[in-house]
Each structure stands twice: as C-alpha cells, then as structure tokens.
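Below: one structure, written as structure tokens.
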Amino acid sequence: MYEGVVQDLIDELGRLPGVGPKSAQRIAFHLLQSDPVDVRRLVSALTEVTEKVRFCSVCGNVSADDLCRICRDERRDVSVLCVVEEPKDVVAIEKTREFRGRYHVLGGAISPIEGVGPDDLRIKELLTRLADGAIGEIILATDPNLEGEATATYLARLLKPLGLRVTRLASGLPVGGDLEYADELTLGRAFEGRRLLDV
Amino acid sequence: MHVTHLSLSDFRSYAAVELPLEGGVSALIGPNGQGKTNLVEAIGYVASLSSHRVPADAPLVRIGAPRAVIRTAIAKAGRDSLVELEITPGAANRARVNRAPVPRPREVLGMLRTVLFAPEDLGLVKGDPDGRRRFTDDLLVARAPRFAGVRAEVERVLKQRNALLKSAGASIRSGRGDVRTLDVWDSHLATAGAELLAGRLHLVHLLQPLVRQAYREVSGGQGEARIDYRSSLGEDITVDTPPAERSRDLLAARMLEALARVRPRELERGVSLVGPHRDDLVLQLDFGGTQPSPGGSGALVPAKGYASHGESWSYALALRLASYELLRADTSGDGDGEPVLILDDVFAELDTGRRRRLAELVAGAEQVLITAAVPDDVPQLLEGARIDVMGGEVRRVR
C-alpha cells in the first residue's frame, strides 16, 4: 500500500479495463515522474471527454455534437444501415473504407446473464429510423460470438417482416492466414459461407 | 502412444519433479498423501484439459505459486512431441506444442489420449446422471476434439437461457415481457444441442457391444450389461434409431418442438427442461432369467440400485475398458489412437477375481501406469517398472 493519494490513483487506474494492479502501479509512477505539462494535458483531455462528448442522437455513436460526423455527412448512402454493438466497431469498419452507408450503434448485445435484454439496447431507435422507408438494407455486424449471434438472430426475426433486405457479415478465414491454423468452428463456417468464384 | 517424460512445476504438492517413463507397465508406489495420484492426474489433464478429481483449476496449483506447468513428452506413431501446459487460475491457460505456442489450449486435445480408472468411477454406476454425461462427453472429445467446442457452446447457451428464464419468466408470464428473445435462445440451443446429441447417440451406439463384451470378461459370467441413451426429447430416440432418423437437422427440429411444448413449465421453474443436459446414459443389467426379475416383465434391470457392489465395480470397469477399446480401434489422425491406461488406486478396491481379470485385460496395453499404496496391491501379472513416491520425491527402484 502506498500513501493516500498515490494509492487512490493506483486504485482508479486499476479499475480501467485491461489494467491489472501491476500495470496500474507502473502507470501511476510513470505519471508521477512525467513532466507536469504532459500530465495536465492528459487531465484536460479527460475533463473534455467527460464534459463535451455525448452520443449521436441518431446513430448512438460517440460524437462532439448532437449529430455525429457520419450522420452529418450528406455524401453517405442513406439506403444502407450497418448495425454494430459498440462505437469502437464503427471505427473498425470505417478503417476498411469499404462501407459508405450509415451506422446504428446498439450499445451492447443481448446477454441475459448480464441482465441485458432487447429493451436495454437501442432497438426502438433503430425501428424509428426505419419508419420513413429510406433504408433498404440492414447489415448486421454484431460480434461473431454467442451473444452477438443471438442479437443478430433476434434483429433478423424482427426486421424480416418489414420487407427489408437483412444481411449478416460473413464468418470465415482470416486474410493472409494459413488454412491449417484455423479452428474447426471457423473452418466450418467458412465452408457454409463459401461462394461461387467469378472468372 | 505413450508418455516418455513428465515434468511438473508447482503442480499440486510438487515444486518441481522429473519423471522419466517408458512403454509397458509402471507402478507408482507409496503411502497415501505422498503425491502418486498428482502425477497421473497431471497426465490425465494434458489429455482432457480437466482433472478427474476437481472441477476447477485452482487446487492444481501449488499453494502460494502463481501458476503450474505440466510438460509431457509423448511418443506417438513413431514420432516424439512435447506438450507444455501452463495453468493459471483466474486467467487463460496457455499451451505450447514442440516449443511453439498454440492459439488455444484446446489445440492440444488429441495429442495425448488417456483412459483413467479411479475409485471415483463407482459413481458412474451409483451416482447421478451428470457423472455419466461427463463420461460420455469426455470420450466424445477424446475421439473427436471438435466436440470440445460444441460442448462449451451448449453450456454457454444454457447459462444465458437459464438466466433469461429466471429474470424474464415473471414478466413474460404477465404478458409484458418479450418472448422473441427466448425464441432466439431456443434456436441456438436446438442447433448446438442437436449436434451434441447426435454425437452422443453415435458414440453410445459404438460403445454398446464393447461394454457388453468387457462386462462379460470382467464379471466372469454373471449377467449381461446393456447401455442405452435416454433423451429428454422422447423415448423413441435411442441408440438403435437409424442414423438417417437422427441427423442433426431432424434432432434440432425435434428439440424446437419439445422446447415449445415445455415452455410454460420452463417459465414457471426458471430452468431449461429439455436438452442434452437432461439426458442420461442408462446402465442396465440383464440377468436373463438367472434371477427373479422385478416387475416380472423382463430380466433387464437398472444397474443403479439393483447391482451389488461387485457388479457395480464390474460395470464401472467395463465402461472404462470399452472406452479404451474404442479409442484403440480409432485409426483416424496419425493412426495411433491407443490411449495410455492409468489405473489410479483401483486394485485395492477389487476382489481377487476382478483384480486378476482386469490385470489380464490390460497387460497387453502399450503403456499402463498404476498407482498403489503397497506393492502387494499390484497383481503379479503387471510386474514392470517400479517407482517409489515419497514426500514429493520420485525414485526408480526397478
């Protein structure tokens, strides 16, 4: 145990995801030995984040304003909507530069163990967005784990009757990887999702 | 296949131990509490990624140590390989094969196969269904490691589904809740559950004649053993159902039907009432008229309750021997499916006849590891290498 404030700092850092007690201690001492200017920059970044950042009123992504950058962008294709679990998934998909439609962030996945049901996700907001009929295709891009799959199945059943094209991201082999290193489940999915080669 | 070397660090009572082994019979001899079983438990762990004694990993790590390491050198199909497992309670375990890390410990399943006989096996016959389900699933995974994933998936779906049934049960019954979420979990349970069920049915179908044969040999003639599978989906699903009628798709459809049928009761009780977790491996004995049968209709009686202590032991041994035969005959992969036989303290539990017959049955195996408190517990037929285990030290004496 360290004295008062130092221990408080270590405890706070230790509550962050992916930071264990040892790492928390290392970060704390790094901060103590850093230039106070650098530390103040971190402090002001933290303050600004808590004060300024909110969630986009349309898609639920993190945003500095009422509407996020993507929802404001007129050049985006309004007919395709990609449904993801978390804001960080938006960033991941944006990096591909393949998708030109808009997003909808659910804020999690269905998981009864954690007490998360459909009502706790931004599904009502999703249905509201569909009301004007501008959206023709929904891409379900939830995580390929049990909870993500369950959420995708739930949404597919909810959206199909509305006459929309509902698609799910493919699961399969990582690009640049070796077939022999894929686990059986992934390989099995890759077989299910195989497609015709256009030559 | 056989284990040529076992090395432990901070595993159970051992800070560090090196144990060279060879094919044939090796007996680990020492008084109780000296660490004999810990050695064979470690070998069993490498084969199944679980202990035969405890459900969690924490007790496997020496008190005060952060993690345990098991290293086993295995000779299989003429090739040597080294499997290393690092067990860290509360964190993900890590594995290396031939010094190269593998992405998931599950990848080492299939590198080593063991069939372990232990005093706890009596519970297979006398105990609850969940021990028998574990027996079936462990064997399924040993034969086809992909079932480790299926089994884990079924467990995860059940946890989520039960959590939903408990929390939402009340609100759904009062009409406020959303039944569609439950539909989603039903479909996931049906898909994963049907795959596990199909695997089990096929396995028990293969095991049935082997258990009958092994029981005959161990018991010395009294009665016939018959194993069956009881599915919570209905009595018409048995091991005799033709493969075409128990395909994954058909079983999944049956499971959905059954789930729809029991839904009101599930919501009331807050648990999943249909699925592979409610099934049982049925162990029966057929006395074929040599004894008066209860009920008078047939001579087939459940082993649990009707079998004597000796008959129960014969049954437990027959299940393990049948597992051994099944794995040995499996030449998929590199063609060397023969498991290492581990007899942990079992001879002391058996009468002279069963002891002798078991010794005869296992004497020809590629590698047999025996633990016993006193040398006299090891039948003469199984004389081989002898290793004394005393206070955490191992010493080859013969």
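Each chain gets a letter, A, B and so on, in the order the sequences are listed, and its residues count up from 1.
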Quick check on [X] against chain A: is it the side chain, the backbone, both or neither that has a heavy atom closer than 4.5 Å?
X        : result
B:Val157 : both
B:Asp183 : both
B:Arg104 : side chain

In Å and rounded to the nearest 0.5 Å, what is the [atom1] to [atom2] distance from [X] to [Y]?
X        : Y        : atom1 : atom2 : result
A:Leu146 : B:Lys159 : CG    : NZ    : 11.0 Å
B:Asp186 : A:Thr153 : CG    : OG1   : 11.5 Å
A:Glu149 : B:Ser187 : CD    : OG    : 10.5 Å

Does [X], at its [atom1] atom, have more than 12 non-hydrogen atoms belonging to other residues, nucleotides or ligands within less than 6.0 Å?
X        : atom1 : value
B:Arg263 : CZ    : yes
A:Leu46  : CG    : yes
B:Arg248 : CZ    : no
A:Arg26  : CZ    : no

Can a donor-acceptor pair be found, under 3.5 Å and without considering hydrogens, that links the side chain of B:Gln160 to the backbone of A:Ile113?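 Such a contact is found between B:Gln160 side chain and A:Ile113 backbone.
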Do A:Ile110 and B:Val184 have side chains that get closer than 4.5 Å, going by heavy atoms?
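Contact flag for A:Ile110/B:Val184 side chains = no.
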